[in-house]
Amino acid sequence: MKLYNPQDVEQHAQNLWQEQQTFTVNQDSDKEKYYCLSMFPYPSGKLHMGHVRNYTLSEVIARFQKMQGKNVLHPIGYDAFGLPAENAAIQNKTAPAKWTYANMEDMSAQLKRLGFAYDWSRQLATCDPDYYRWEQWMFVRLFKEGLVYRKDATVNWDPVDQTVLANEQVIDGKGWRSGAEVIRKTIPQWFLKITDYAEELLASLDDMPGWPDSVKTMQKNWIGKSKGLEIDFEVPDFGDISVFTTRPDTLYGVSYMAVAPEHPLALQAAANNSELAEFLSQCSKEQSNEAAMATMEKKGMATGLTAIHPLTGEAIPVWVANFVLMSYGTGAVMAVPGHDERDHEFALKYDLPIKRVIAGDGDIEQAAETEHGILVNSGDYNGLNFDQAFERMQTYFEDKGIGRLQINFRLRDWGVSRQRYWGCPIPIIYCDKCGAQPVPEADLPVLLPEDVVFDETGGSPIKKMPEFYETQCPQCHGPAKRETDTFDTFMESSWYYARFTCPDYDQGMLSNEADHWLPVDQYIGGVEHAILHLLYARFYHKVLRDQGLVNSDEPFKRLLTQGMVLKDGAKMSKSKGNTVDPQALIDRYGADTVRLFSMFAAPPEQSLEWSDEGVEGASRYLNRLWHNIQEYIAAEYSVQPLNTDNLTPEQQQLRFKIHQTIAKVTDDIAERQHFNTAIAAMMELTNALSKFDDNSDNGVALRREGWLSLIKMLSPFAPHICQVLWEDMQQPGLIAEADWPVVDQAALVQDEVEMVVQVNGKLRAKIKVSADADQATVEKMAFAEDNVHRFVDGKTIRKVIVVPKKLVNVVVS
RNA sequence: GCCGGGGUGGCGGAAUUGGUAGACGCGCCGGAUUCAAAAUCCGGUUCCUUCACAGGAGUGAGAGUUCGAUUCUCUCCCUCGGCACCA
């Protein structure tokens with residue numbers, strides 16, 4: 001009997017796919033299109049288990065859809081620009097390009113070894129000028145449309161290395177290389193107006209049934225639409241400052257105001273107040289990321305200026321506070337310590353007055369009361385509720401011209417400038433006379449020099465290369481300087497899914513093939529991308545639409561967010577040294593085992609705690625399957641057609657199991673996307689088939705039906721072994737191109753069902769009843785059980801609940 | 001801190017609509033096979049009481065709704081992901 005040798009089996013199957021170009025697709029097909037995509041990898045070195053999990057998920061769905069008769073596009077490429085290449089460059093003294101291309105080659109070899117059904121002819125890399133030139137082209141176009149602008153923004157500055165640091169490179173407020181205390185620095189940067197699309201990005205979420213609710217909720221909260229009033233406070237000796245508040249009903253409770261350390265009022269006040277200037281300088285050393293802002297100690301200092309309360313005319317002290325964000329609202333807030341927790345904490349610390357202006361009976365000095373309620377201590381507004389007060393305040397301020405209704409978003413415009421080398425150059429030229437000019441279309445792409453040398457500090461080499469940045473102004477042709485910043489790498493990953501439809505098109509960013517394939521039917525990737533990448537891509541898609549390049553509103557119809565692969569409870573990463581190398585497992589067990597185990601270990605949305613032992617089980621299963629089928633083949637039965645009218649009870653039972661499994665596996669893959677339970681069901685069927693040793697004509701025919709259905713269903717998970725078993729069963733063509741098995745509903749009809757009998761909710765007996773038994777019959781049978789008697793006798797029967805085909809519950813007391 | 005997940009045997013997990021808690025697999029225990037071992041095959045395996053039949057407890061903790069809660073509600077604990085320059 002033929003032995004199972006995974007390496008040979010896998011080589012054989014992969015050769016067939018390669019020769020027949022099984023997974024190469026084009027749009028000229030009568031079949032319905034299906035676009036299946038997993039988030040492309042950053043080429044960081046070798047594949048890790050997170051990649052294997054991600055790519056096996058899209059693989060199973062792609063192969064399943066192909067067997068459902070679809071024309072499946074399943075591409076792969078590389079998100080090739082990014083920070084790790086620069087770190088590797090410093091460490092290994094190699095140019096980032098060289099390191100990146102070598103990694104891509106390694107990873108492609110591994111992906112091929114895993115037998116993934118990609119259309120390799122569409123492979124792309126975002127660091128390829130043929131890719132990024134279109135990104136530059138689009139940026140220029142958006143520049144002309146006014147969707148791009150330049151403004152000052154904060155970066156982490158390492159004063160020793162004289163370089164900008166990514167958040168990741170700041171450890172406990174210090175530069176990771178120099179160890180120097182990092183400071184906030186403000187420099188001009190380019191922004192995309194994602195806020196112009198905030199309303200639509202939010203509204204579309206309601207019409208995306210294929211996305212998990214958790215992701216939609218996170219995006220909704222991130223966009224953070226809030227309705228409030230913008231109110232102007234007069235500050236003598238400064239001018240007006242506006243504050244945004246969602247709680248105008250608490251206006252009478254304002255006891256101070258707070259502005260961000262970067263606010264013009266703070267800067268003016270600090271000009272002749274050295275103590276305040278020192279405080280602002282302290283604030284500039286604090287981390288500006290949101291988590292740090294929210295957890296740090298709240299600190300403030302009075303500016304000496306006062307604002308005039310617009311309703312009471314009271315003088316309100318204006319403070320500078322380290323927790324007020326210049327980037328949200330107006331950079332200034334009115335503080336109501338009685339009804340806002342943060343304001344309360346701050347008021348206690350600095351001994352500022354706390355007033356109750358919403359009715360309640362708690363001690364307002366002890367804790368803020370943040371719920372809506374009836375206004376008190378609020379002059380003419382006493383007795384109103386939130387909505388009434390909001391409306392009347394709005395009318396009052398609008399009439400006076402010192403306030404207005406304002407819809408604010410938490411979402412900020414997308415800063416796309418990076419002071420990095422390994423990225424797409426921003427196509428802008430600065431001319432002293434003409435200002436910032438976009439690079440003319442004819443001069444695109446602006447090529448990133450790849451032959452560069454990195455110094456220890458990590459500064460971008462192109463910033464020191466006159467041959468790169470010295471140029472001519474496209475307007476006046478005078479001497480000018482090129483922008484040396486590059487794009488955020490999210491720019492590349494925001495449209496790659498569209499470029500996969502026409503990766504070699506050189507007449508434009510996208511060809512008309514984009515509209516054939518888009519939107520992506522199924523997108524799969526790590527849950528860590530739930531907000532940033534997925535929001536930027538949605539935004540970019542709408543921009544592409546408005547530029548006439550695609551005709552859909554959303555890029556991804558259905559989204560599957562996979563959990564992390566953990567080892568010892570933590571995300572696998574090189575720095576933690578807890579990675580599992582899939583290559584060693586492939587060498588030992590073969591690709592099919594690794595794929596099968598990665599799907600079997602946990603449902604995709606959950607994080608997966610890695611265990612080496614489990615892999616052994618997947619390997620054993622494939623061996624068992626192989627031996628069972630080879631044994632069946634070796635017996636050389638003469639197979640007759642199955643006669644379903646004439647089955648023994650055992651045969652009927654097996655056929656029920658076969659078709660129940662087809663129904664279950666189909667539902668698990670297509671609808672529930674719970675691949676672990678699909679595999680468990682197939683294992684159960686394997687166990688049932690291997691125990692079934694009926695050699696009658698019908699028995700043999702039934703076993704054949706079972707084994708063939710099984711290997712078809714298993715083939716998306718373990719395609720190599722299934723292909724060889726398919727051939728050994730004398731089946732024509734490729735199993736990858738076979739039709740998915742179909743449920744015979746007649747096989748699922750059962751005449752008898754098992755029901756559970758409970759007394760007071762506790763299981764006391766099980767009964768077999770005919771499937772169409774009426775309630776009275778079922779009750780009678782339940783009460784006939786001895787064990788039911790034991791718990792019912794001598795008690796009063798209060799109620800009998802019968803759930804058809806499931807259970808009987810007798811309630812006694 | 002805020003937003004979103006998760007917590008079930010020794011372990012990974014199952015229970016799809018509120019209806020048998022622990023499917024499937026790992027590990028472990030016993031048996032068969034073997035000179036022996038590995039591999040393989042067969043059986044057992046939540047905990048406690050019991051020779052057995054059976055009974056009791058049990059899904060992070062506590063409360064609630066219900067005939068019935070892993071599932072719904074509330075409070076709390078632990079843990080993972082994200083927080084805009086890691087990708």
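Throughout, protein chains are lettered first and strands after them, A, B, ... in sequence-line order, and every chain is numbered starting at 1.
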Peer 1: Pull out every stem in RNA chain B, meaning runs of 3 or more consecutive Watson-Crick or G-U wobble pairs with both distances under 3.5 Å.
Peer 2: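 Result, WC/G-U stems under 3.5 Å: B:1-7 with B:77-83, B:10-12 with B:24-26, B:27-32 with B:40-45, B:46-49 with B:54-57, B:60-64 with B:72-76.
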Peer 1: Taking ring-ring contact (aromatic ring centres under 6.0 Å, His included) as the definition, give me every residue that meets it alongside A:F346, ordered by chain and number, with sequence neighbours left out.
Peer 2: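 So A:F346 forms a ring-ring contact (aromatic ring centres under 6.0 Å, His included) with A:Y256, A:W319, A:F323, A:Y350.
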Peer 1: Looking at every strand, decide which applies to A:A291 at a 4.0 Å heavy-atom threshold: base, sugar-phosphate, or nothing.
Peer 2: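 Base: the residue A:A291, judged by heavy atoms under 4.0 Å, touches a nucleobase.
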Peer 1: For A:S417, report the nucleic acid contact type (base, sugar-phosphate, nothing); a contact means any heavy atom under 4.0 Å.
Peer 2: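 Contact class for A:S417: base.
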Peer 1: Base, sugar-phosphate or nothing for A:P603? Non-hydrogen atoms, less than 4.0 Å.
Peer 2: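 Counting heavy atoms under 4.0 Å across all strands, the contact made by A:P603 is with sugar-phosphate only.
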Peer 1: Kindly indicate, with the supporting measurements, whether the criterion salt bridge (Lys or Arg N to Asp or Glu O under 4.0 Å) is fulfilled by A:K664 and A:D668.
Peer 2: CA-CA 6 Å; A:K664 163 92 179 145; A:D668 275 354; 3.2 Å; yes
Peer 1: Please work out which of the three classes, parallel, tilted or perpendicular, describes the rings of A:F81 and A:Y132, given edges at 30° and 60°.
Peer 2: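 Tilted.
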Peer 1: Would you indicate, yes or no, if B:A14 has its OP1 or OP2 atom less than 4.0 angstrom from a side-chain nitrogen or oxygen of A:Q606?
Peer 2: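 Looking at the OP1 and OP2 atoms of B:A14, one of them is under 4.0 Å from a side-chain N or O of A:Q606.
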Peer 1: Using a 4.0 Å heavy-atom cut-off, does A:V810 contact any base of the nucleic acid, only the sugar-phosphate backbone, or nothing at all?
Peer 2: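 Contact class for A:V810: none.
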Peer 1: Can the ring centroids of A:F556 and A:Y497 be said to lie less than 6.0 angstrom from one another?
Peer 2: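 A:F556 vs A:Y497: aromatic centres under 6.0 Å.
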Peer 1: What nucleic acid atoms does A:L807 come within less than 4.0 Å of, heavy atoms only: base, sugar-phosphate, or nothing?
Peer 2: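 Here A:L807 touches the bases of the nucleic acid.
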Peer 1: Reading nucleotides 44-58 of chain B from the 5' end, what letters show protein touch, with B for base, S for backbone sugar-phosphate only, - for no heavy atom under 4.0 Å?
Peer 2: ----------SSSS-
Peer 1: OP1, OP2 of B:G25 versus side-chain N and O of A:N687: anything below 4.0 Å?
Peer 2: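 So the side chain of A:N687 is within the cut-off, an N or O lying under 4.0 Å from OP1 or OP2 of B:G25.
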Peer 1: Once you apply a heavy-atom cut-off of 4.0 Å, does A:Q189 come out as touching a base, just sugar-phosphate, or nothing?
Peer 2: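 Here A:Q189 touches the bases of the nucleic acid.
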Peer 1: Look at A:T489 and B:A87 and indicate whether a side-chain polar atom (N or O) is within less than 4.0 Å of OP1 or OP2.
Peer 2: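 Answer is yes, contact under 4.0 Å.
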Peer 1: Within the 4.0 Å heavy-atom criterion, would you say A:D667 contacts the bases, only the backbone, or no part of the nucleic acid?
Peer 2: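 Counting heavy atoms under 4.0 Å across all strands, the contact made by A:D667 includes a base.
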Peer 1: Think A:R798 has a side-chain N or O under 4.0 angstrom from the OP1 or OP2 of B:G68?
Peer 2: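 It does not, given that no N or O in the side chain of A:R798 lies less than 4.0 Å from OP1 or OP2 of B:G68.
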